[in-house]
4 protein chains.
Amino acid sequence: MRRDRILAAAVRVFAERGYETARVSDIAAEAGVAYGLVYHYFGSKDAVLEAVCHDAWGRLASAIEAVADAALPAQERLERVVKIVLRSWRDDPDLVRLLVREINRNPEMEDELPEIAAAFASLERIVAGGQHDGSLRTAVDPKLAAWMLWGALDEIMTGWVLGRLPDDVAAVAAAEREVIATVVGGLVSR
Amino acid sequence: MRRDRILAAAVRVFAERGYETARVSDIAAEAGVAYGLVYHYFGSKDAVLEAVCHDAWGRLASAIEAVADAALPAQERLERVVKIVLRSWRDDPDLVRLLVREINRNPEMEDELPEIAAAFASLERIVAGGQHDGSLRTAVDPKLAAWMLWGALDEIMTGWVLGRLPDDVAAVAAAEREVIATVVGGLVSR
Amino acid sequence: MRRDRILAAAVRVFAERGYETARVSDIAAEAGVAYGLVYHYFGSKDAVLEAVCHDAWGRLASAIEAVADAALPAQERLERVVKIVLRSWRDDPDLVRLLVREINRNPEMEDELPEIAAAFASLERIVAGGQHDGSLRTAVDPKLAAWMLWGALDEIMTGWVLGRLPDDVAAVAAAEREVIATVVGGLVSR
Amino acid sequence: MRRDRILAAAVRVFAERGYETARVSDIAAEAGVAYGLVYHYFGSKDAVLEAVCHDAWGRLASAIEAVADAALPAQERLERVVKIVLRSWRDDPDLVRLLVREINRNPEMEDELPEIAAAFASLERIVAGGQHDGSLRTAVDPKLAAWMLWGALDEIMTGWVLGRLPDDVAAVAAAEREVIATVVGGLVSR
DNA sequence: AATGAATGAGTTTTCATTCAT
DNA sequence: TATGAATGAAAACTCATTCAT
């Protein structure tokens with residue numbers, strides 16, 4: 001329970017200051033616990049980040065996976081993924097801020113986060129399925145398609161994180177529509 | 001000349017270790033110069049990063065701007081931008097690695113790099129122009145479109161940086177084609 | 001009983017890592033008990049060391065004292081002391097390792113371990129007795145003689161502890177013979 | 001030069017407080033330099049100790065080696081070694097205090113200090129030489145003899161370090177005489 | 001008796017920056 | 001220009017000890 005308080009505090013602090021700049025003492029203070037307790041539960045600052053990311057990506061990856069396995073047309077499954085990802089910004093902006101700011105910056109992290117790979121694999125699977133049943137264009141490599149779609153989503157959230165793109169309810173709704181219309185739309189056969 | 005050696009070394013070191021983790025002494029060692037010389041030419045570690053980024057984005061931004069101003073159909077101008085961006089990976093992967101790892105995620109940096117804003121504005125201008133002449137769909141906000149396209153490009157380069165996407169000549173060519181087909185294709189009116 | 005398990009574990013851990021480097025948690029883990037139990041039985045890390053040393057030196061000192069009081073020629077009593085000391089290596093190497101590594105070098109400890117002083121006094125008493133009855137040379141100061149003999153024994157055990165001197169049965173037997181021949185032999189009148 | 005000041009300060013501080021208990025800041029303060037300079041010259045606290053020990057043992061080992069190579073009877077060479085070692089206490093008690101307190105406590109150190117091995121090898125060589133020319137008893141293993149002699153010397157210096165044995169000029173002279181009479185005397189053929 | 005979560009002072013180490021030469 | 005010694009603030013991490021249960 002105390003452990004969870006620390007984890008939640010870490011999300012806020014890492015999101016606010018970035019991993020390198022954040023101090024372990026900031027996390028402890030934010031969680032309202034003593035310094036050493038962070039080291040009692042996690043062995044190091046690095047381990048805290050890893051735990052946070054496991055958590056976050058774990059939730060996101062399983063949500064995406066569930067959609068990927070749903071008995072729906074590929075296009076619709078992609079649309080649902082777009083909504084899940086973009087809405088996570090509303091649900092927990094600090095978490096998204098953290099994912100956006102840190103993950104790509106630490107290449108090593110990717111290897112230690114199988115959840116990320118799983119999420120990408122799910123996306124890829126949806127695309128491949130859609131190509132198989134003819135609803136999506138076959139010229140595009142499914143893996144590349146997954147990366148492009150993710151890139152568009154990640155960049156939009158980055159814009160929100162940085163305050164460079166509007167993130168009110170209407171703008172979020174519009175972003176959903178437009179990613180679907182543009183990127184998902186760009187993948188469908190015509 | 002010595003200054004340029006330092007700048008080039010900084011690109012390599014920042015690309016390899018990331019800004020926070022890189023030491024000024026690493027840069028000096030990589031450049032083969034003495035410690036203090038970095039401070040002689042640049043006033044601080046921060047200033048080195050800024051100089052590096054000005055250089056990098058300056059070149060990219062002016063190339064994009066030139067395309068944006070060309071007397072060509074919007075769709076074709078977008079295609080050229082895609083090629084310019086993705087080919088910069090082949091020309092100077094360390095520079096791209098740096099752009100990917102540091103700049104896009106760093107709030108403070110954006111303010112100090114008008115070149116980035118200029119590049120995004122150019123993209124946005126192309127999209128708005130295409131919507132105006134009817135070649136691109138008007139439902140999508142030009143700014144959001146610019147961010148999505150950039151996101152797809154950035155993510156693909158990230159995949160290359162991380163070694164998660166193939167980056168041989170054929171794969172780079174395919175990526176160009178597929179970003180154009182998918183994202184640019186998703187923007188055109190039909 | 002639980003207390004004894006902790007004590008035995010402490011011997012092993014102190015022997016392995018040295019007092020300063022050993023952690024209380026190491027001792028608890030080695031003993032298979034909870035953290036706080038060490039503090040329940042002993043009040044502090046220091047007290048654990050002291051208890052261990054009392055035990056160890058207590059046994060050694062009383063054995064030496066018994067020999068010192070035996071109705072035997074001084075030379076033979078010294079020989080027996082040599083055997084007692086060197087054989088304790090076979091009986092409990094960790095204990096010897098601890099004695100060698102920590103106690104002899106720690107000024108504060110000596111004051112708190114009257115057993116050590118008693119052991120040295122016994123040795124000294126044997127030498128003085130031998131000088132009195134004419135069997136040992138009188139030129140040498142009994143106290144210095146005791147320290148030299150102890151030094152030779154301690155160094156040999158150190159060699160064993162460090163794996164720098166062979167410690168198989170034959171080597172131990174040879175060491176006994178040779179300390180007796182050399183140091184004890186060097187003390188006898190001729 | 002500043003480096004030497006740090007080294008000399010380290011000898012004093014380690015001698016006074018012991019390696020584990022000594023703080024790097026103590027060394028810096030004792031040397032009258034800034035904190036970081038210790039790390040500028042030596043990479044770590046451990047490296048400081050190692051440098052100190054290299055120095056100290058280097059000098060002692062080469063002195064012993066010189067004696068071992070001298071064209072003198074083995075017995076006389078041993079006597080000279082005894083004097084060299086015991087007189088180093090007068091010359092630099094802090095250094096001896098350090099050697100006595102730390103070296104034997106850190107088994108790993110021995111491997112990193114070839115000088116110690118060299119000193120022991122010199123002693124061993126003298127004994128073997130004496131056995132060869134018939135001046136020393138052949139029953140004793142030269143290596144064991146070297147360790148015994150060293151043990152006697154080390155223990156006497158320990159007594160001085162701990163203030164348990166008198167260390168005035170007369171006592172030092174007596175110690176020399178008595179180690180020679182007893183241990184060296186115990187090695188000679190009769 | 002027994003547990004192990006919680007505390008926080010104390011230490012090592014790092015490294016950007018300054019400055020005398 | 002060029003060097004690298006010197007500085008010291010800042011941060012991660014350790015671990016003996018306490019204490020509620």
Side-chain angles (χ1 to χ4, degrees), chain A residues 1-3 5-6 17 19-29 31-48, chain B residues 1-3 5-6 19-29 31-49, chain C residues 1-3 5-6 19-29 31-49, chain D residues 1-3 5-6 17 19-29 31-48:
Chain A
M1 203 219 114
R2 214 85 158 210
R3 202 192 116 104
R5 285 238 308 272
I6 294 172
R17 318 195 31 151
Y19 176 73
E20 299 285 356
T21 316
R23 282 163 292 185
V24 175
S25 66
D26 292 334
I27 298 173
V33 302
Y35 200 101
L37 203 59
V38 176
Y39 285 89
H40 181 75
Y41 284 115
F42 309 89
S44 68
K45 185 184 173 185
D46 220 68
V48 177
Chain B
M1 200 220 117
R2 211 84 156 208
R3 201 191 116 101
R5 282 243 304 275
I6 294 173
Y19 176 72
E20 298 284 356
T21 315
R23 280 164 293 187
V24 175
S25 66
D26 291 333
I27 298 172
V33 303
Y35 214 130
L37 204 58
V38 177
Y39 283 89
H40 183 75
Y41 283 115
F42 309 88
S44 68
K45 184 185 174 185
D46 224 65
V48 177
L49 178 61
Chain C
M1 200 221 118
R2 212 85 156 208
R3 201 190 118 103
R5 283 242 303 276
I6 294 172
Y19 176 73
E20 299 284 357
T21 314
R23 281 164 293 187
V24 175
S25 65
D26 290 334
I27 298 172
V33 302
Y35 214 131
L37 204 58
V38 177
Y39 283 88
H40 182 75
Y41 284 115
F42 309 88
S44 68
K45 184 185 175 185
D46 224 65
V48 177
L49 178 61
Chain D
M1 203 223 115
R2 214 86 156 208
R3 202 191 117 102
R5 284 237 309 271
I6 293 172
R17 318 196 29 152
Y19 175 73
E20 299 286 354
T21 316
R23 283 164 292 183
V24 174
S25 66
D26 292 333
I27 298 172
V33 302
Y35 209 109
L37 203 59
V38 177
Y39 286 89
H40 181 75
Y41 284 115
F42 310 91
S44 67
K45 184 183 174 185
D46 220 67
V48 177

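Proteins come first, then strands; the chains are lettered A, B, ... in the order of their sequence lines, and each starts at number 1.
- Across dT11(E), dC13(F), dT17(E), the shortest atom-to-atom separation from the side chain of Lys45(B) is found for dT17(E).
- Projected onto DNA chain F by closest heavy-atom contact, Arg23(C) and Arg17(A) fall at different nucleotides, the more 5' of which corresponds to Arg17(A).
- For the atom pair OH of Tyr19(D) and CD of Glu20(C), the computed distance is 11.5 Å after rounding to the nearest 0.5 Å.
- Where Gly43(D) and Val38(A) each meet DNA chain E at their nearest nucleotide, the meeting point lying more 5' is that of Val38(A).
- Here Ala47(B) lies out of heavy-atom contact (under 4.0 Å) with every strand.
- Pairing partner, dT21(E): dA2(F), with both Watson-Crick or wobble hydrogen-bond distances short of 3.5 Å.
- Under the Watson-Crick or G-U wobble criterion, with both distances below 3.5 Å, dA1(E) is left unpaired in every strand shown.
- Of the candidates dA6(E), dT1(F), dA12(F), dA6(E) carries the atom nearest the His40(A) side chain, counting heavy atoms from C-beta on.
- An OP1 or OP2 oxygen of dC15(E) is reached within less than 4.0 angstrom by no side-chain nitrogen or oxygen of Tyr35(B).
- Residue Arg2(C) places at least one side-chain N or O closer than 4.0 Å to OP1 or OP2 of dA2(E).
- Contacts of Ala22(A) with the nucleic acid, taken as non-hydrogen atoms under 4.0 Å apart, involve only primed sugar atoms and P, OP1 or OP2.
- Residue contacts shown for Phe42(C) are absent, as no nucleic acid heavy atom lies under 4.0 Å away.
- Here the side chain of Val33(C) is nearest to one of dT3(E), dT7(E), dT3(F), namely dT3(E).
- In the set dT14(E), dT7(F), dT3(F), dT3(F) carries the atom at the smallest distance from any side-chain atom of Leu37(B).
- The separation between Arg5(B) atom CZ and dT3(F) atom P is 9 Å, rounded to whole Å.
- Nearest-nucleotide mapping onto DNA chain E: of Gly36(C) and Tyr39(D), the residue sitting toward the 5' end is Gly36(C).
- With values rounded to the nearest 0.5 angstrom, Leu37(B) atom CG is found 6.0 Å from Arg2(B) atom CZ.
- Rounding to whole angstrom units, CD of residue Glu20(A) and C1' of dA12(F) are separated by 12 Å.
- Here dA12(F) presents its C1' atom at 20 Å from OH of Tyr41(A), a figure rounded to the nearest Å.
- A donor-acceptor contact shorter than 3.5 Å is absent between the side chain of Tyr35(A) and the backbone of Val24(A).
- Residues Ile6(B) and Ala31(B) approach most closely at CA-CB, 3.9 Å, considering heavy atoms.
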